[in-house]
Undergrad: 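Below is a structure I'd like to ask you about.
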Amino acid sequence: MAGSGRSLEQTPTWAVAVVCFALVLISIIIEHIIHLIGKWLTKKRKRALYEALEKIKAELMLLGFISLLLTIGQVPISKICIPQSVANTWHPCSKQQEYDLYNIGSVTTAFHNTDSHESNNLVGTPGRRLVSNSSYPLSSHRRALAGGGDYDVCAAKGNKVPLVSPYGIHQLHIFIFVLALSHVLYCIVTMALGRLKMRRWKSWEKETKTAEYQFTHDPERFRFARDTSFGRRHLSSWSSSPALIWIVCFFRQFGRSVPKVDYLTLRHGFIMAHLAPQSSVKFDFQKYIKRSLEEDFKVVVGISPPIWFFAVLFLLFNTHGWYSYLWLPFIPFIIILSVGTKLQVIVTRMGLRIQGKTDVVKGEFVVQPADDLFWFNRPRLILYLIHFVLFQNAFQLAFFAWTSYEFGLRSCFHAHLEDIVIRISMG
């Protein structure tokens, strides 16, 4: 390929051997680390986490296939020519930003070029080269990486340019890797934060084993539903209005999302629904929730085909003039606020259902979860929305890291300071 540098027949064999040895060594180390983690999870009987690890391995394999396809298709894709008028549409940068970028690249190249005559041509005729060579400007060193031969092939067909240059495919290659890595790390961090939050529930679980707790929660004691701790929290004047329920629950999620009274009530309701009442002392609800979190983790850690489809759409939305930085990062923010509010509403409505049947409760308040309390009678929809939010947040951070690395912190991808602030804060 023209301008792509030395081929392997012009490269020292020791250099090729060193690079291959380093790549093989790194791959073996990563594979061995994953194998050790799998053995440790199997030893600890963490079946759900082991399945999550298998999903991560599957994602790495998929990433390898994508990398292989991009490598094989780099030259054929770059030889697909499209008209100049089509190539000038839907750019991430404005025409003025592209023109300024081209001039900066040309001037920089001119200072490092020993041929003063060639330097004058580069600086003096930016407009002509911009029109004749590409639908977007490239500095000389980037155009060399892109492969000038492919541009000549398309130009020979009459004012056409490559669909995507080899250098553009290389950049896309890097972005897909960063995205997959960011998503896996984001899910792991979220899992760790979730387990860290559940540590405070351990003391609540220990409290249920004490004699004092058994005395204060006498199963033969009759009380008004509103006089229980759960009733005082959820069965108030505002709970009779559907609109006020959503407003109160919206603000409650910003405090302690799972207070002690809700935890103990949900624990008791779960035991009454699935276990014998006398097993209340022995059952560890906190460990059960921890195992459930591990089961959910293996769902959110994967990148399903619909998620990849959304990744393609997000790349499409980053078009100049669409102002995606003002609305795209807020989509997951709105979704997660809606999910948090919905979960609070579900707990309140479980209490309202019991109150609707009787004003007096025996023992503790017994709540009964039901599918119809969730959107479209589908509890797992909440999990899928969380999965989408995790991916979208990972996408925002990955896209910011990738564009900052490839094009600089204040490139046209981040021409506005609010763009940087919104992407990082929302992510």
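Treat the numbers as computed from the prediction; the structure is a model and nothing was measured. Residue numbers count from 1 along this sequence.
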Undergrad: For F314, does its backbone N or O pair with a side-chain atom of N318 as donor and acceptor, under 3.5 Å?
TA: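 A pair under 3.5 Å: yes.
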Undergrad: State whether the side chain of T348 and the backbone N or O of Q344 hold a donor-acceptor pair below 3.5 Å, judged by distance alone.
TA: yes
Undergrad: Heavy-atom distance under 4.5 Å between the side chains of I331 and V389, does that happen here?
TA: no
Undergrad: Which heavy-atom pair separates K290 from M198 by the least distance, and what is that distance?
TA: CA-CE, 3.9 Å
Undergrad: Below 6.0 angstrom between ring centroids: does that apply to W201 and F285?
TA: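 No: the rings miss the under 6.0 Å criterion.
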Undergrad: To the nearest 0.5 Å, what is the distance between CD (Q74) and CD1 (I169)?
TA: 5.5 Å
Undergrad: Where the side chain of Y288 meets the backbone of R267, is there a donor-acceptor pair that is under 3.5 Å apart?
TA: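 Not confirmed, Y288 side chain does not pair with R267 backbone.
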Undergrad: State, to 0.1 Å, how close C154 and P162 come at their nearest heavy-atom pair, and which atoms those are.
TA: SG-N, 3.6 Å
Undergrad: Less than 4.5 Å apart, any side-chain heavy atom of I33 and any of I29?
TA: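 In contact.
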Undergrad: Going from OG on S338 to CD1 on I382, what distance comes out if it is rounded to the nearest 0.5 angstrom?
TA: 9.5 Å
Undergrad: Which heavy atom of P379 sits nearest to which heavy atom of D371, and what is that distance?
TA: CG-OD1, 3.3 Å
Undergrad: Just checking W402 against F407, ring centres under 6.0 Å apart?
TA: yes
Undergrad: Apply the test side chain to side chain contact (heavy atoms under 4.5 Å, CB included) to residues L62 and W308: give CA-CA distance (whole Å), side-chain angles for both, the deciding distance (0.1 Å), then the verdict.
TA: CA-CA 11 Å; L62 177 61; W308 281 113; 3.5 Å; yes
Undergrad: For the aromatic rings, using the six-membered ring if either is Trp, is the centroid distance between W246 and W238 under 6.0 Å?
TA: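 Ring-ring flag for W246/W238: false, centres at least 6.0 Å apart.
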Undergrad: Could you go through the side chain to side chain contact (heavy atoms under 4.5 Å, CB included) check for L49 and M191 one step at a time?
TA: CA-CA 11 Å; L49 290 182; M191 172 75 172; 3.7 Å; yes
Undergrad: Check whether S165 reaches the backbone of G168 with its side chain - one donor and one acceptor, N or O, closer than 3.5 Å.
TA: yes
Undergrad: For the atom pair NZ (K79) and SG (C81), what is the distance rounded to the nearest 0.5 Å?
TA: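 Those atoms lie 10.0 Å apart.
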Undergrad: Might you confirm whether atom CZ of F175 has over 12 heavy atoms from other residues, nucleotides or ligands at distances under 6.0 Å?
TA: yes
Undergrad: If we only count heavy atoms from C-beta on, is the V312 to L316 side-chain gap below 4.5 Å?
TA: no
Undergrad: Is K342 reaching over with its side chain to a backbone N or O of L373, donor-acceptor style, under 3.5 angstrom?
TA: yes
Undergrad: Please determine whether the number of non-hydrogen atoms from other residues, nucleotides or ligands lying under 6.0 Å from atom CZ of F317 exceeds 12.
TA: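 Yes, enclosed.
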Undergrad: When you measure from the side chain of Q84 to the backbone N and O of V161, does any donor-acceptor pair fall under 3.5 Å?
TA: no
Undergrad: Is a donor from one side chain sitting under 3.5 angstrom from an acceptor on the other, for H173 and S67?
TA: yes
Undergrad: Assess the residue pair E205 and K202 against the criterion (salt bridge (charged side-chain N to carboxylate O under 4.0 Å, His left out)); give the C-alpha distance rounded to whole Å, side-chain angles, the decisive distance to 0.1 Å, and a yes or no.
TA: CA-CA 5 Å; E205 193 66 35; K202 195 171 185 178; over 6 Å; no
Undergrad: Verify the neighbour count for atom CZ of F270: are there more than 12 heavy atoms of other residues, nucleotides or ligands below 6.0 Å?
TA: yes
Undergrad: Once rounded to the nearest 0.5 Å, what's the spacing between atom NE2 of H387 and atom CG of L381?
TA: 13.5 Å
Undergrad: With the threshold set at 4.0 Å, does a side-chain nitrogen-carboxylate oxygen contact exist between D296 and R380?
TA: no
Undergrad: Would you mind reporting whether K44 and K39 have side-chain heavy atoms less than 4.5 Å apart?
TA: no
Undergrad: Does E294 come within less than 4.0 Å of R47, counting only side-chain N to carboxylate O?
TA: no
Undergrad: Could you go step by step and tell me if L172 and V164 meet the side chain to side chain contact (heavy atoms under 4.5 Å, CB included) rule?
TA: CA-CA 10 Å; L172 182 62; V164 181; over 6 Å; no
Undergrad: Is L328 close to Q392 at the side-chain level, that is, under 4.5 Å between some pair of heavy atoms?
TA: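 Of all side-chain heavy-atom pairs linking L328 with Q392, at least one is under 4.5 Å.
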Undergrad: Between CG of L266 and CD1 of I289, what distance do you get to the nearest 0.5 Å?
TA: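 Between atom CG of L266 and atom CD1 of I289 there are 8.0 Å.
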Undergrad: Take atom CZ in F254; do more than 12 heavy atoms of anything else shown fall under 6.0 Å from it?
TA: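 Yes - once you tally the heavy atoms of other residues, nucleotides and ligands closer than 6.0 Å, there are more than 12.
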Undergrad: Among R349, R353, R378, whose salt bridge (Lys or Arg N to Asp or Glu O under 4.0 Å) with D372 holds?
TA: R353
Undergrad: Would you say T341 and V345 make side-chain contact, with heavy atoms under 4.5 Å?
TA: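 T341 reaches V345 side chain to side chain.
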Undergrad: Heavy atoms, side chains only, cut-off 4.5 Å: are F297 and L293 in contact?
TA: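 Side-chain contact under 4.5 Å: no.
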Undergrad: Is there a side-chain contact between L352 and I245 in this structure, where contact means two heavy atoms from C-beta onward sitting under 4.5 Å apart?
TA: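 Contact flag for L352/I245 side chains = yes.
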Undergrad: In terms of side-chain geometry, is the basic nitrogen of R233 or D262 positioned less than 4.0 Å from the acidic oxygen of its partner?
TA: yes
Undergrad: Report the distance from atom CG of L390 to atom CG of L385, rounding to the nearest 0.5 Å.
TA: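 If I round to the nearest 0.5 Å, the distance is 11.0 Å.
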Undergrad: Examine F388 together with F310 and report whether their ring centres are nearer than 6.0 Å.
TA: yes
Undergrad: Judged by atom type as modelled, is there a donor-acceptor pair below 3.5 Å linking the side chain of T403 to the main-chain atoms of F400?
TA: yes
